[in-house]
Amino acid sequence: MARSRTYLEMKEEAYRYADATGDVLRHPLADVGRWVNKGLAELYDLLVEARGRDYYRSSSTITLVSGTVDYALPATFYKLVGFRRTDGGALLPYDPAQDAELRDGAAMMPNSPRYYQLRGANVTFLPTPGTGTVECDFVPAFVDLSADGDTFDGVSGWEDYAALFAARRMAIKDEAFELAATLAGDMAGLAERVRRLAPTRDSGAARRVKDVRGQQQHSRMRWWR
């Protein structure tokens with residue numbers, strides 16, 4: 001990551017964009033901070049949409065308990081990248097219609113779950129697992145900054161989106177609608193920049209556009225049929 005900015009720096013930048021430096025009576029610091037966090041949340045979603053796993057990917061180990069199918073997802077879970085068994089092999093999603101047949105197949109291979117289904121804050125693994133571990137690769141949720149020294153990595157100046165967001169809210173409050181429109185245009189331009197450049201972080205890793213593995217590997221996973 002290349003460019004971290006503190007919470008305080010982004011709030012100060014918002015005041016400058018709104019031409020309201022030092023005007024904490026009209027625009028309390030707490031309000032500006034709340035708007036900065038709202039802008040950061042939007043920027044975070046833009047980065048996740050563009051190529052979130054490259055920027056924020058995290059992992060958590062789930063310890064399997066024999067006979068137990070439901071497990072809590074990580075507390076910071078936002079979006080799933082995938083589940084994988086630590087002995088090798090990715091788990092595949094299943095739909096409710098497959099529930100019965102997957103449970104019926106448990107006796108054939110009870111120690112090795114093959115499929116998962118997200119259920120609220122939990123995940124269900126089937127067939128019913130024995131012992132072992134599963135790795136959960138996921139994108140964590142954005143957490144609001146609180147202390148002035150807290151930082152956000154804007155990668156390439158993209159944290160300006162949050163400052164612009166807060167400044168726009170300040171301009172609307174001041175009924176400075178022309179300034180608000182200008183700031184909204186700046187936000188749109190920065191959002192487009194993120195969408196265009198964020199996916200090319202690893203320019204040497206081309207995206208696969210077709211299934212080059214074939215169906216044989218997938219069919220081996222459907223051993224109960």
Side-chain angles (χ1 to χ4, degrees), residues 1 40-143 153 155 191 194-225:
M1 298 298 189
L40 287 176
E42 282 197 6
L43 173 60
Y44 187 88
D45 279 347
L46 285 170
L47 286 166
V48 168
E49 179 185 7
R51 203 68 177 271
R53 67 183 63 185
D54 291 350
Y55 291 99
Y56 301 113
R57 181 175 181 149
S58 185
S59 295
S60 179
T61 300
I62 297 176
T63 301
L64 301 176
V65 178
S66 182
T68 300
V69 297
D70 293 324
Y71 297 85
L73 292 166
T76 58
F77 182 90
Y78 180 35
K79 289 181 177 290
L80 179 67
V81 175
F83 291 103
R84 50 192 169 87
R85 299 189 309 277
T86 51
D87 61 351
L91 276 67
L92 303 176
Y94 74 91
D95 60 50
Q98 294 175 274
D99 196 294
E101 61 179 335
L102 283 169
R103 291 179 187 274
D104 289 344
M108 299 178 62
M109 192 174 290
N111 295 322
S112 187
R114 291 288 191 267
Y115 285 77
Y116 73 86
Q117 185 181 75
L118 298 182
R119 297 173 183 265
N122 298 311
V123 58
T124 298
F125 294 129
L126 288 176
T128 303
T131 59
T133 56
V134 169
E135 287 295 310
C136 174
D137 297 316
F138 67 102
V139 177
F142 171 74
V143 178
D153 192 338
V155 184
V194 170
R195 293 188 183 99
R196 185 176 69 253
L197 297 178
T200 62
R201 184 186 187 210
D202 185 357
S203 58
R207 295 189 177 187
R208 190 165 59 225
V209 297
K210 60 184 292 187
D211 184 355
V212 298
R213 299 177 186 176
Q215 292 300 314
Q216 182 177 359
Q217 177 176 344
H218 299 302
S219 64
R220 287 200 298 269
M221 304 294 286
R222 304 181 67 83
W223 46 266
W224 70 89
R225 288 184 180 269

Quick check: Tyr56 with Tyr44 (ring centres under 6.0 Å apart)?
yes

Over all heavy atoms of both residues, which pair between [X] and [Y] is shortest? Give the atoms and the distance, please.
X: Leu46; Y: Ala191; result: CD1-CB, 3.8 Å
X: Leu80; Y: Cys136; result: CD1-SG, 4.1 Å
X: Pro129; Y: Leu64; result: CB-CD1, 3.9 Å

Calculate, to the nearest 0.5 Å, the distance between atoms [atom1] and [atom2] belonging to [X] and [Y] respectively.
X: Asp45; Y: Leu40; atom1: CG; atom2: CG; answer: 11.5 Å
X: Phe83; Y: Ser60; atom1: CZ; atom2: OG; answer: 9.5 Å
X: Arg114; Y: Arg85; atom1: CZ; atom2: CZ; answer: 4.0 Å

So, does Gln117 use its side chain to make a donor-acceptor pair with the main chain of Tyr94 at under 3.5 Å?
yes

Test side-chain contact (heavy atoms from CB on, under 4.5 Å) on Phe138 and Thr76; report intermediate values, then the result.
CA-CA 9 Å; Phe138 67 102; Thr76 58; 3.5 Å; yes

Contacts of Val65 meeting side chain to side chain contact (heavy atoms under 4.5 Å, CB included) (sequence neighbours excluded), chain-then-number -> Thr68, Tyr71

Residue set satisfying side chain to side chain contact (heavy atoms under 4.5 Å, CB included) with Pro93, at least two apart, ordered chain then number -> Tyr116

Under the side-chain contact (heavy atoms from CB on, under 4.5 Å) test against Val123, which residue among Leu91, Ile62, Val134, Val69 passes?
Ile62

By salt bridge (Lys or Arg N to Asp or Glu O under 4.0 Å), Asp137 pairs with (sequence neighbours left out) Arg57, Arg84

Heavy-atom side-chain proximity of Val194 to Val155 below 4.5 angstrom:
no

